[in-house]
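Since the structure comes first, as structure tokens, the remarks are kept for the end.
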2 protein chains.
Amino acid sequence: MAQPTMDDVARVAGVSRALVSLVMREASNVSDRRRQAVLEAAAELGYRPNILARNLASRRTMTLGVMINDLHNPFFAEAVDGIQARADEAGYQLLLATERTGRSGQTDAIETFLRFRVDGLILTGPRLPTPEIRAAADTCPIVLLGRTLRIPEVDTVNTDERIGARLAVRHLFDLGHREIAHIDGGRGAGGPPRRAGYERAMRELGLDDAIRIVEGNFTEEGGVRGADQLLTGGTAPTAIFAANDLTAVGALDRAEDLGLDVPGDLSIMGYDNTAMAAMHHMSLTTIDQPREEMGRIAVDLLLERLDDDRTAAIRHVATPSLVTRSSTGPPPDPRQLQSDP
Amino acid sequence: MAQPTMDDVARVAGVSRALVSLVMREASNVSDRRRQAVLEAAAELGYRPNILARNLASRRTMTLGVMINDLHNPFFAEAVDGIQARADEAGYQLLLATERTGRSGQTDAIETFLRFRVDGLILTGPRLPTPEIRAAADTCPIVLLGRTLRIPEVDTVNTDERIGARLAVRHLFDLGHREIAHIDGGRGAGGPPRRAGYERAMRELGLDDAIRIVEGNFTEEGGVRGADQLLTGGTAPTAIFAANDLTAVGALDRAEDLGLDVPGDLSIMGYDNTAMAAMHHMSLTTIDQPREEMGRIAVDLLLERLDDDRTAAIRHVATPSLVTRSSTGPPPDPRQLQSDP
DNA sequence: CCAAGGCAATAGAGCGCTCTAATCGATTCG
DNA sequence: CGAATCGATTAGAGCGCTCTATTGCCTTGG
């Protein structure tokens, strides 16, 4: 199991270790003859460069750390797709970890990454406290994806959640809805701005009095509870704007259990345009975020700090868009609405 | 940005580098006085061990490579949860990658892992050719999860897919179904054994003549097509056993589009018990695999090879179980069935 | 014909850590 | 009281690579 080293290759090829190193790094000024000799020797021995040694010596790891908030949330999986693609192109490796990696509590994920001397860090929707992020930021460049943070040391990539929320409200308004309620995302990343966007959009439309928010938590169960609250007590809204797709699915469940037809009796909107929303069986109207693109941009921002040594923070804000499916439609006939008290 | 090294800490603490090393590795025979001095110096300087140097010197990385077949498939996410948990306990780090990591085509994921000198490798549901896996296996221990491979160098962790398939068929049989069709998984990992299990179970029940298989591919779309084939041409089955949950969802869609009530007119079963199946709105009867446990076991197998230097291959086969939800029920009244010619 | 220049190849000093063997006091014991 | 013992500490040789400076060698031009 003892693996061959560069010295072994050098010996077999009859050259110096330095020359082998040059060949491995694909340096330009090596004669074809020697290069061949080295490559053949390497192949013969089954030589495999030791990345650790290389990184130690070069003080560059060509590796980016990616912290995934939640492996189960398709939003992150798709953002990682973009990160992966761009990192590949740029010749960077990825180290993935979930927020709870590392020996339970002792060493958190960020610390682990820094010990590995990653060249840069992408944190997707991290729940981490600001001081911790700031502390890490003076060791290596950091990009936040899906969370805002106004400190100069880190770049951020987001969509404008308020615009997204407004798109949702407008869509429902245009269909004729006036009683539009919101099941929010609590304090989770994206929750507050989506809620704020909802409120603002309602006011813009003169629907101040119809503003109605119940608490959610970005889970299906939260959607079930929120919908229950909205639909069983007093006057029910004609449309529900949920903070994310999962919440919308929960609301959908509850609505159907209550015998309501969606979108006949009630329109429901999600947010994120996850694969789930696209499933024919769900067919959720929702707000799309260009996740892959956001992932790519996050890598680009890192590379700019790394290669072009930019130091000013950049806040990239992508534009969300409406995806219309079949969970929304015109509100029911007003007569039916009133006949319920 | 120049990070402090062990020598810096040693200087500040007034001890040798070797002693700092001992403290960092939590060695036992260091006096409390010195230990304190070292820890204080380290804290003061903001010292952070360089894992690369450590790994290089110790020839152990305490890192396991995990190749994830598909980041979007919840099955793998949950298996990784188990792997993560167990690795944490054992003090191992995880390096995750998807099968298509690495500079496009040049260096595949496995090679990358080996260059990083991971101590062990877990491949979840890999589509990789056998020779490649075998080649990697003589460099470091390998465990396959969710795929069988009968070569002595690698351990495997699976569920007995045939038993799982039989559970599904029996469940439907017990409900009264006789016309039970199968939408298979093609050549994807798990596809063939599930199909074989279906066939065998049908025979055991004397339903040889009712065996009916259409092709699928583990996707929703495959489910839609498969269901279409089964439900629109000639005599329709009363129950469909789909190769996985996604396929089942597709079948569900198609069935509902055709105006069939599930489970009133048609029962549908999935496989995997993904979070999707559990969603209230879907509520799919399905076969559960203990994914987290499988993940933990995979790590254990690796550790046995690493620490107890076991060399004989182990094939762990977990037991699948039936999860009954509301997509299955008794077949419709026979009279209705016949009235369709 | 010789100095200057250019290119290919190499020597050798690290990178920051681990780990074996050696050292050094302080005890213990015959 | 000197030898043996033992725990705490240290010296120093790597781990496998990169990278700067340097060495040769060959071409070129004056």
Side-chain angles (χ1 to χ4, degrees), chain A residues 1-39 41-42 45-63 91 93 112 114-119 139, chain B residues 1-39 41-42 45-63 91 93 112 114-119 139:
Chain A
M1 286 235 185
Q3 302 224 14
T5 74
M6 233 174 214
D7 282 303
D8 298 324
V9 177
R11 203 172 309 119
V12 171
V15 299
S16 69
R17 169 166 37 78
L19 209 248
V20 178
S21 175
L22 287 176
V23 172
M24 289 303 154
R25 282 177 286 151
E26 297 174 6
S28 55
N29 40 357
V30 175
S31 68
D32 277 346
R33 198 167 58 84
R34 306 280 195 174
R35 182 192 306 283
Q36 282 313 318
V38 169
L39 291 178
L45 294 173
Y47 171 71
R48 178 175 292 137
N50 184 325
I51 300 268
L52 301 169
R54 164 180 297 184
N55 292 347
L56 181 60
S58 66
R59 262 141 297 172
R60 262 273 213 167
T61 56
M62 295 304 284
T63 298
Q93 273 304 314
T112 302
L114 295 181
R115 289 184 175 188
F116 265 99
R117 299 297 191 267
V118 294
D119 290 338
T139 301
Chain B
M1 286 235 183
Q3 301 223 17
T5 75
M6 235 175 211
D7 281 303
D8 298 324
V9 177
R11 204 171 308 120
V12 170
V15 299
S16 71
R17 171 168 35 78
L19 208 251
V20 177
S21 174
L22 288 175
V23 173
M24 288 302 153
R25 281 177 287 150
E26 296 172 7
S28 54
N29 41 357
V30 174
S31 67
D32 276 348
R33 200 167 57 84
R34 307 278 197 175
R35 182 191 308 282
Q36 281 314 316
V38 168
L39 292 178
L45 293 174
Y47 171 71
R48 178 176 294 136
N50 185 325
I51 300 268
L52 301 170
R54 164 179 299 183
N55 292 346
L56 180 61
S58 66
R59 264 140 297 172
R60 261 275 212 166
T61 57
M62 296 303 285
T63 299
Q93 272 306 313
T112 303
L114 296 180
R115 290 185 176 189
F116 266 100
R117 299 298 192 267
V118 294
D119 291 337
T139 301

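A, B, ... follow the sequence lines: proteins, then strands. Residue 1 opens every chain. Heavy atoms only: backbone and side chains are in, while hydrogens, waters and symmetry mates are out. Keep in mind it's a predicted model, so treat the numbers as computed, not measured.
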With rounding to the nearest 0.5 angstrom, report the [atom1] to [atom2] distance, [X] to [Y].
X	Y	atom1	atom2	value
B:Q93	A:R115	CD	CZ	9.5 Å
B:R54	B:M62	CZ	CE	9.5 Å
A:L114	B:N50	CG	CG	11.5 Å
B:Y47	B:Q3	OH	CD	9.5 Å
B:I51	B:T63	CD1	OG1	7.5 Å

Side chain to side chain donor-acceptor pair (under 3.5 Å) partners of [X], counting only residues at least two apart:
X	result
B:S16	none
B:T61	B:D119
B:T5	none

**Q.** Under the side chain to side chain contact (heavy atoms under 4.5 Å, CB included) test, residues paired with B:V12 that sit two or more places apart
**A.**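 Listed in chain order: B:A41, B:E44, B:L45.
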**Q.** Set of residues satisfying side chain to side chain contact (heavy atoms under 4.5 Å, CB included) with respect to A:L22, sequence neighbours excluded
**A.**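 Listed in chain order: A:L19, A:R25, A:A27, A:V30.
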Q) For B:V30 and B:R117, take the nucleotide of DNA chain D holding the closest heavy atom to each; which residue's nucleotide lies nearer the 5' end? A)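 Nearer the 5' end of the strand: B:V30.
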Q: Report which part of the nucleic acid A:R25 touches: base, sugar-phosphate, or nothing (heavy-atom distance under 4.0 Å, all strands).
A: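 Base contact - A:R25 has a heavy atom under 4.0 Å of at least one base atom.
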(Q) The criterion is salt bridge (Lys or Arg N to Asp or Glu O under 4.0 Å); which residues satisfy it with A:R48, sequence neighbours excluded? (A)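 Scan of A:R48 (salt bridge (Lys or Arg N to Asp or Glu O under 4.0 Å), adjacent residues dropped) gives B:E111.
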(Q) Among residues at least two apart in sequence or on other chains, which ones pass salt bridge (Lys or Arg N to Asp or Glu O under 4.0 Å) with A:R117? (A)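 So A:R117 forms no salt bridge (Lys or Arg N to Asp or Glu O under 4.0 Å) with any residue.
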(Q) Just the rounded figure in Å: distance from P of D:dG24 to CG of A:N29. (A)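 Atom-to-atom, A:N29 to D:dG24, this comes out as 19 Å.
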Q: Walk along DNA chain C from 5' to 3' and tell me the first and last nucleotide with an atom closer than 4.0 Å to a non-hydrogen atom of chain B.
A: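 Going 5' to 3' along DNA chain C, contacts run C:dG16 to C:dC19.
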Q) In degrees rounded to 10°, what angle is found between the helical axes fit to the five outermost pairs at each end of the helix from C:dC1-D:dG30 to C:dG30-D:dC1? A)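 Taking the rotation axis at each end, their angle is 60°.
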Q: With a 4.0 Å heavy-atom cut-off, tell me which residues in residues 51-60 of chain A come close to DNA chain C, sorted by residue number.
A: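 Those residues whose heavy atoms fall under 4.0 Å from DNA chain C, taken from residues 51-60 of chain A in numerical order, are A:L56, A:A57, A:R59.
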Q: Output every pair passing salt bridge (Lys or Arg N to Asp or Glu O under 4.0 Å) with a member in residues 10-24 of chain B, not counting sequence neighbours, ordered by first then second residue.
A: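 Only B:D7-B:R17, B:D8-B:R11 qualify under salt bridge (Lys or Arg N to Asp or Glu O under 4.0 Å).
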Q: Name every residue in residues 15-24 of chain B that has at least one heavy atom under 4.0 Å from any atom of DNA chain D, in order of residue number, or write none if there are no such residues.
A: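 Hits under 4.0 Å, by residue number: B:V15, B:S16, B:R17, B:A18, B:L19, B:L22.
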